[in-house]
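Since the structure comes first, as structure tokens, the remarks are kept for the end.
Start at 1 and go down the list; that is how both ligands and their atoms are numbered.
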Amino acid sequence: MASDPVDEMKYVVVTGGVLSGLGKGVTASSIGVLLKSAGLRVTAVKIDPYLNCDAGTMSPFEHGEVFVLDDGGEVDLDLGNYERFLDVCLTRDNNITTGKVYDNVIQKERRGDYLGKTVQVIPHITNEIQDWIERVAHTPSDGNGKEPDACVIELGGTVGDIESAPFIEALRQFQFRVGQENICFVHVSLIPVMGPVGEQKTKPTQHTVKDLRGLGINPHMLVCRSKSPLVDETREKISAFCHVSTDAVVSAHDVSNIYQVPIMLDDQGVTRMLAERFGFELPTKRKVLEDWKEMADHVDTLDEAEEVHIAVAGKYTDLADSYLSVIKALQHASFKVNRKLVIDWIESSDLDDEAKESDSESFEAAWKLLREADGILVPGGFGIRGIEGKIKAAEFARLNDVPYLGVCLGLQVATIEFCRNVLGLEGANSSEFDENAPHSAVVFMPEISKTHMGGTMRLGTKPTPFLVDDCKIRRLYGGADHVDERHRHRYEVNPELIGEIEGKGLVYVGKDETGERCEIMELEGHTYYVGTQYHPEFKSRPDRPSPPFLGLLKAASGMEV
Ligand code: GLN
């Protein structure tokens with residue numbers, strides 16, 4: 001058996017400067033892929049310096065989608081990037097927030113663990129952060145039960161923010177705790193281009209590195225985001241002003257797709273530099289990276305492929321980050337069917353009858369997109385806005401044999417539509433939107449808290465056994481007897497109506513282990529009309545698309561499901 005590539009845990013800390021949204025998450029995930037390609041087991045930690053204990057109570061408007069983990073942790077969407085790039089399953093502890101750290105320290109103080117001591121940011125908070133990182137770094141995450149060899153830590157926000165100061169200080173101390181040979185600091189910065197000749201400007205990078213060094217952290221590598229590759233002169237200037245070798249000034253210029261980022265970093269020697277710093281042997285053949293490159297190149301070829309249009313009827317449609325995992329799952333499925341994916345975003349409120357009166361132009365445009373789509377997806381969501389439009393989208397798909405996938409709320413609106421228009425239950429609704437509806441097609445789940453919002457939904461992975469021997473969705477899951485997928489909801493299909501609904505052909509082919517809670521629906525006699533109460537998008541991988549999404553893309557591309 002091959003021996004371990006390293007004998008001590010290796011840490012790569014990724015910080016960011018100048019501005020947010022530079023792609024720190026993609027850089028950190030890509031570095032993870034490179035370490036993995038060298039034979040290391042890699043896990044990841046995301047630090048979010050905000051005070052919320054988790055992302056569960058945060059609006060997708062403000063912070064992008066809430067990503068859900070197997071253990072029910074509601075976390076930052078960057079954890080989704082890590083899971084997809086590294087093919088790992090992380091835990092809620094892999095996302096550290098100020099709220100969580102303080103909560104732990106305050107609980108310890110109340111228990112009397114620090115008895116006699118004044119409890120302070122240094123050392124109590126900074127120690128708690130370091131202990132936390134070390135603990136999580138050693139937690140197996142790739143499904144083999146083995147401890148990781150390396151941990152990539154991404155610090156959210158930009159260096160110099162008041163709220164990230166305790167984390168920077170903890171990471172500064174951490175280099176002495178774990179030893180210099182076991183840690184590598186990577187700082188992601190921006191190189192703007194100015195002037196008539198398009199000069200690459202280094203000053204913002206000089207400043208952010210100065211800030212970081214002032215806080216006691218000397219970056220070992222600088223990843224510079226820029227439009228086009230860094231020119232030698234820029235590299236040399238950054239090297240001179242920022243105390244890093246020219247080799248370690250890495251260009252992260254725009255590439256054709258994000259899967260090319262690890263390749264771009266590897267080409268510039270990033271893996272070799274990590275191997276030298278950490279003292280491991282770089283294998284001559286790296287299958288993981290070869291496969292990765294093949295996938296990245298395949299994605300490029302799809303630009304020329306036949307298009308498949310998927311209309312997504314949601315309510316955060318001008319903010320793609322709000323549906324990040326849905327987009328990824330659609331993309332992964334498109335890689336498999338070799339089509340160029342075009343997502344047509346529809347603001348679902350533009351589809352409802354009210355919009356016809358108030359904004360007929362948007363109404364017409366929305367309906368045109370819906371009518372011309374090859375497939376329709378209604379994603380998860382909360383709150384009443386846009387609901388009637390989503391119900392219309394589900395109805396249109398059902399009546400016109402257009403492939404449909406409803407995720408969570410998407411299953412619920414399809415059920416409401418079916419109750420109204422097939423069972424003739426006029427005014428049927430979800431009690432989320434109308435508590436006094438004459439027929440409650442979707443109801444509040446009995447075990448959910450009505451008073452506390454944080455972490456109280458039905459969350460995380462739960463098994464769903466299939467109840468029918470053969471159906472499209474079960475075939476897509478390879479004939480499995482059950483699926484393990486992730487949940488995040490408060491409402492469910494009304495158990496009292498199930499018999500009636502199924503009698504008319506909308507069959508709940510998967511239910512929870514009690515056999516009562518509806519989990520997967522499929523309409524008989526339709527090309528592809530599927531809904532899941534869970535969120536299959538969270539477990540989709542570039543090389544293993546989520547089965548319900550693959551079904552949608554296949555059906556939308558005219559392939560047999
Ligand atoms: N709002 C619905 C519920 O709580 C759907 C949730 C979702 O789509 N994630 O059940």
Side-chain angles (χ1 to χ4, degrees), residues 54-61 63-70 72-75 77 80 312-317 321-327 329 348-349 376-391 393-394 404-417 419 428-435 437 440-462 464 485-495 497-498 508 511-512 516-521 530-540 546 548-549:
D54 62 37
T57 54
M58 294 166 91
S59 158
F61 275 120
H63 217 80
E65 88 178 350
V66 177
F67 193 78
V68 182
L69 300 169
D70 274 344
E74 297 171 280
V75 294
L77 52 79
V312 177
K315 79 166 178 181
Y316 311 108
T317 49
D321 264 5
S322 310
Y323 295 117
L324 189 65
S325 293
V326 166
I327 298 172
S348 59
S349 52
I376 297 173
L377 186 141
V378 175
F382 297 83
I384 190 167
R385 190 168 66 79
I387 282 302
E388 290 303 320
K390 291 179 186 171
I391 293 173
Y404 174 87
L405 176 61
V407 173
C408 202
L409 181 63
L411 171 143
Q412 297 175 359
V413 296
T415 300
I416 295 169
E417 189 278 318
C419 286
N429 214 328
S430 164
S431 36
E432 181 177 3
F433 316 123
D434 182 1
E435 285 217 62
S440 293
V442 176
V443 294
F444 198 76
M445 288 185 286
E447 70 268 35
I448 305 296
S449 169
K450 291 215 169 181
T451 52
H452 280 65
M453 300 298 271
T456 57
M457 286 190 237
R458 181 165 177 257
L459 287 167
T461 292
K462 322 261 175 211
T464 298
E485 296 272 22
R486 298 176 181 175
H487 296 72
R488 183 171 189 253
H489 65 125
R490 293 193 176 88
Y491 295 82
E492 61 172 325
V493 173
N494 186 351
L497 288 176
I498 293 173
Y508 297 97
K511 297 210 177 104
D512 76 345
E516 288 185 0
R517 179 159 290 151
C518 297
E519 290 276 8
I520 312 173
M521 59 157 233
V530 166
T532 61
Q533 187 58 75
Y534 53 76
H535 291 263
E537 67 271 24
F538 293 135
K539 285 177 63 165
S540 189
S546 162
F549 283 83

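- Protein heavy atom nearest atom 7 (C) of ligand 1, with residue, atom name and distance: C408 SG, 2.9 Å.
- No part of M457 comes within 4.0 Å of ligand 1, judged by heavy-atom distances.
- A 6.0 Å sphere centred on CD of E447 holds more than 12 heavy atoms belonging to other residues, nucleotides or ligands.
- The shortest side-chain heavy-atom distance between S325 and H535 does not fall under the 4.5 Å cut-off.
- Listed by atom number, the atoms of ligand 1 under 4.0 Å from G380 heavy atoms are 8 (O).
- Of the candidates Q412, R490, E492, E432, the one placing a heavy atom closest to atom 4 (O) of ligand 1 is R490.
- Residues Y491 and S440 have side chains that never bring a donor and an acceptor to within less than 3.5 angstrom of each other.
- The protein heavy atom nearest to atom 5 (C) of ligand 1 is G381 O, 3.3 Å.
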Checklist entry - Run the side chain to side chain contact (heavy atoms under 4.5 Å, CB included) check on D54 and V66 step by step: do they pass? => result CA-CA 9 Å; D54 62 37; V66 177; over 6 Å; no
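- From the protein, the heavy atom lying nearest to atom 10 (O) of ligand 1 is Y491 N, 2.8 Å.
- Near R488, meaning under 4.0 Å from any of its heavy atoms, are these atoms of ligand 1: 6 (C), 7 (C), 9 (N).
- Taking a 4.0 Å cut-off on heavy atoms, Q533 fails to register as neighbouring ligand 1.
- The closest side-chain heavy-atom distance from D70 to K539 is below 4.5 Å.
- A salt bridge between E537 and R488 is absent, with no side-chain N of the basic residue lying under 4.0 Å from a carboxylate O of the acidic one.
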